[in-house]
Amino acid sequence: MPLRRLQIPCHARAAATLSSVAAHHLFDRIPRPNSSGSSSTPPASPCVGHPASSSPFAFSAAVAQSVPAALPALHALAVASGLDAFAFVSNSLAARYAKTGSFPTAARVFDTARARDASSYNTILSALPDPAEALAFLSWMLRSGEARPDAVTFTVALSLAAGRGEDALGLVRQLHALASRAGLAADLFVGNALVTAYSRGGLLDAATRAFEEMPTRDLVSWNAMICGLAQDGDSPAEVVLLFLRLLKDGAARPDRISVCSVIPACGDQGKLVLGRQVHGFAVKLGVHRHVSIGNVLVAMYYKCDAPGCGRKLLDSMDERDVISWTTAISMDPEDDAFTLYNGMRRDGVSPNEVTFVALMSALPAGRPARDGQMIHAVCLKTGLSDKAAAANSLITVYAKLRRMDDARTVFDLMPRRDIIAWNALISGYAQNERCSDALEVFSRMVRCLRPSETTFASVISAVTAVETVSMAYGETYHGQTLKLGLSAGEYVSGTLIDMYAKRGSLDEARRAFEETEHRSLIVWTAMISANAKHGSYDNVMRLFDGMVRSGIAPDGVVLLSVLTACRYRGAVDTGKEIFDSMAAKHRVELWPEHYACVVDMLGRAGRLEEAEELMLQMSPGPSISALQSLLGACRIHGNTSIAERVADILTETEPTESGAYVLLSNIYAEKGDWGGVAKVRRQMRDRGVRKEIGFSWVDFGAGNRESTHLHKFSSDDTTHPLTEEIYRVAEGLGWEMKLLKNHLCMDKPKKAAINITLLKLGHATKYRTRKAYFAFCKTFFSQG
DNA sequence: CCGGAACGCC
């Protein structure tokens, strides 16, 4: 009875050997059932006891478990026996074909089926490999009306939409409405799919509403809601609350998936005690040995500032996968990323592209380029450099290392470039002030895909950074952001404000700021720093006040701008007050830059002891720039004792830098302490310090791409062909400055004296007459 | 008897 083999699952292996030719031969001897039989009831069995025709249900069951090689024979048998009059018989064939990797055959079964129901469509819908095609198929199904969509249709369609995240929110809403109208929204599976689709689209409110409206909920519903909240990331506290509600509710017992979502939420809140409790709960459930739970627990301990616990857990795990190690590489503060990478290799675990991203982002800025290249080499060897994530961060790393040609090579070798790759390359060129390259890549990019907010932020900052590039480009990009509806984004607004402040005027920057609807921290920061750079102290303070009052918490960056404004203005008390409020009120970490700024401000104001005291509080120690500015302040205020201490630290950290020696020697000289001068000179000689010649440069003809020339010169430089004229003008400018300085405390006789001097100066051609000079003074002083 | 929903590290 060879035919029996085709039907009986346990003989599936034997059926696999049956060629379709043999099957056809056998089918000729199968008696045909009544082919005109109604499709709703099984035809009367012409051959009692024959499995192929006795029951279409048994036939479908056999199909569901058969091996791929037996499917053509089964298909032929279904047609031959007339069983294909039942939709579900064809459906089971199509489903089996699709599941065993032969989608085109499944589609053919669908196309040639004698009867189709919703399940037929659902089978194809869930099997289509391309989501876009699946959505097209769905709309065709809805339009054709051959079969009414059922709960499964909505479940599959919603999960398709869920995979597209925010882009498909409109579709989700539409499906929700259709399901409600069909009375299918109360279905458990549809409800679960709705919760998932809304949360993946970022509509947590709608997801919560769908969850609460469900008449019954199972563990999947709870997990969908918990995971949705967890992935949103904005409300870790709610994740924990929902998990506790699940425990109290008792409707379902949490499982590994629930625990897996709650643990990161504990970590995000830094709640170590709670995290430990959930860890205990995982032990009680018996899921703690699972590698997924181990991984989230390790990450949770790292996030909760318990790296020791994280590391101990990692080491004690039964099995560590690439995720476990990648977590440690990106989060362990103790061990070097490379050391951990080697540990991973010794553990027999292969890296993936995420591992490389973690390694590359662990590269400190000052690390030799060799390390970046080493990672690149291993990345190429393991074939992971083709992965977008790895390639994208390679581009970023090379850009950070100022090696744009290498970044470009990585980019050019990518088989498929996503928007992140384009943006990484463009922003790399922008950061390295290679504006024309940035613009060239940008113009190539817009031919393939739509630029994003980040893209415009990069090209605008590229235009801003390079002064020889016409502002017309920046204005064009501004126009394009308006057209594409990207001008309201915080990054675009921020860079526009920055651009107008640097290359246009403060007024234009203000206009850009006022046109920004949603003023985020980034937007405020751009506006405050624009005003700080222009020295508009009053505006800075007014804006800062406005920002704080609008409920935005300042960060280190914006506070540095505010402190800088205080420094320029010499508003020492206000500056000091703000500095003191940083840790106490704003809970902002104090950076070396903040200290350096305040040290400089105090130093300029002559409060040298305070400045020194503050400088010594810096951790891990006073920064070079703080020391240098304090030494400069000591010179202005003639304080030798502090200058000696400061110069000591400076010359110890940078023994071959001449700056500190020269400055200290000048301080001694100004005091007439020639012994001190000799001491410093001796020190310099002993340590082999040479004072380097300082060069200055001037960008002549800036703003015009063709005629820009860079002129370099040093003191007593006579190499320029126009040397004589240059010295004459410089001397004239020196005189002008002296005159203007004196004008501040000028009385009548002095004024007369100056005017005579001025008239004597043949090169001060501008003010050859008294009238012209007074006109100049009037306009100069009225500007403040 | 066919088709359906939830998860970690970047």
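All chains are named by letter (A, B, ...) in the order of the sequence lines, taking the proteins before the strands, and each is independently numbered beginning at 1.
Of all nucleotides listed (B:dA5, B:dG4, B:dC1), B:dG4 comes nearest to the side chain of A:Asp187. Proximity note for A:Ser261 (side chain, C-beta onward) versus B:dC7, B:dA5, B:dG4: the nearest is B:dC7. Side chain of A:Val220, nearest nucleotide from B:dC1, B:dG4, B:dA6: B:dA6. Side-chain proximity of A:Cys260 to the nucleotides B:dG8, B:dA6, B:dC1 is greatest for B:dG8. Checking B:dG4, B:dC1, B:dA6 against the side-chain heavy atoms of A:Ser60 singles out B:dC1 as nearest.
Taking atom CE of A:Met214 as the reference point, atom C1' of B:dA5 lies 9 Å away to the nearest angstrom. Here B:dC2 presents its P atom at 17 Å from NE2 of A:His75, a figure rounded to the nearest Å. A straight line from CZ of A:Arg289 to P of B:dG8 spans 23 Å, rounded to a whole angstrom. B:dA6 atom P lies 21 Å from atom CD1 of A:Ile263, rounded to whole Å. In this entry the distance linking CD1 of A:Ile395 with P of B:dC10 reads 21 Å, nearest Å. In this entry the distance linking CD1 of A:Ile329 with P of B:dG8 reads 20 Å, nearest Å. Between the CD atom of A:Glu353 and the P atom of B:dC9 there is a distance of 15 Å, rounded to whole Å. Between the C1' atom of B:dG4 and the CZ atom of A:Phe154 lies a distance of 13 Å, rounded to the nearest Å.
Checking the phosphate oxygens (OP1, OP2) of B:dA6, a side-chain nitrogen or oxygen of A:Arg200 falls inside 4.0 Å. For the OP1/OP2 pair of B:dA6 and a distance below 4.0 Å, the side-chain nitrogens and oxygens of A:Arg217 include no atom meeting the criterion.
For A:Asn192 against B:dG4, a side-chain-to-base donor-acceptor contact under 3.5 Å is absent. Remark: the A:Ser119 side chain and the B:dC2 base include a donor-acceptor N/O pair separated by less than 3.5 Å.
Of all the residues in residues 225-243 of chain A, A:Cys227, A:Gln231 reach under 4.0 Å from DNA chain B with at least one non-hydrogen atom. Contacts of residues 90-111 of chain A with DNA chain B (heavy atom under 4.0 Å): A:Asn91, A:Ser92, A:Ala95, A:Lys99. DNA chain B is contacted by A:Asp321, A:Ile323 of residues 313-324 of chain A, taking any non-hydrogen atom closer than 4.0 Å.
For residues 252-272 of chain A, the salt bridge (charged side-chain N to carboxylate O under 4.0 Å, His left out) pairs, not counting sequence neighbours, are A:Asp268-A:Lys303. Within the structure, salt bridge (charged side-chain N to carboxylate O under 4.0 Å, His left out) pairs that include any residue of residues 64-86 of chain A comprise A:Asp84-A:Arg114 (at least two apart or interchain). Note on residues 317-331 of chain A: pairs passing salt bridge (charged side-chain N to carboxylate O under 4.0 Å, His left out), not counting sequence neighbours, are A:Arg289-A:Asp318, A:Arg320-A:Asp347.
Of the charged side-chain nitrogens involved, at least one lies within less than 4.0 Å of a carboxylate oxygen, so that A:Glu146 and A:Arg116 count as a salt-bridged pair. Salt bridge annotation for A:Glu212-A:Arg245: present, with a cationic side-chain nitrogen under 4.0 angstrom from a carboxylate oxygen.
If you check every strand for non-hydrogen atoms under 4.0 Å, A:Ser292 touches a base. Heavy atoms of A:Thr155 sit under 4.0 angstrom from at least one base atom. Across all strands shown, A:Ala127 has no heavy atoms under 4.0 Å from either base or sugar-phosphate atoms. Residue A:Asn352 is out of contact with every strand shown, counting any heavy-atom pair closer than 4.0 Å. Looking at heavy-atom distances under 4.0 Å, A:Val296 makes contact with sugar-phosphate atoms alone, never a base.
With sequence neighbours excluded, no residue forms a side-chain hydrogen bond (donor to acceptor under 3.5 Å, both in side chains) with A:Arg345. With sequence neighbours left out, the side-chain hydrogen bond (donor to acceptor under 3.5 Å, both in side chains) criterion links A:Ser458 to no other residue. Here A:Asp305 pairs with nothing under the side-chain hydrogen bond (donor to acceptor under 3.5 Å, both in side chains) rule; sequence neighbours left out. With sequence neighbours excluded, no residue forms a ring-ring contact (aromatic ring centres under 6.0 Å, His included) with A:Phe154.
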Identify every side-chain donor-acceptor pair in residues 227-235 of chain A under 3.5 Å, counting partners at least two apart or on other chains, and give the distances.
none

List, one per line, each side-chain donor-acceptor pair under 3.5 Å for residues 167-174 of chain A, sequence neighbours excluded.
none

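Shown here for A:Leu93 and A:Ala78, the closest heavy-atom pair between the two residues is CD1-CB, 4.1 Å.
Remark: aromatic rings of A:Trp222 and A:Phe243 are distant, center separation not under 6.0 Å.
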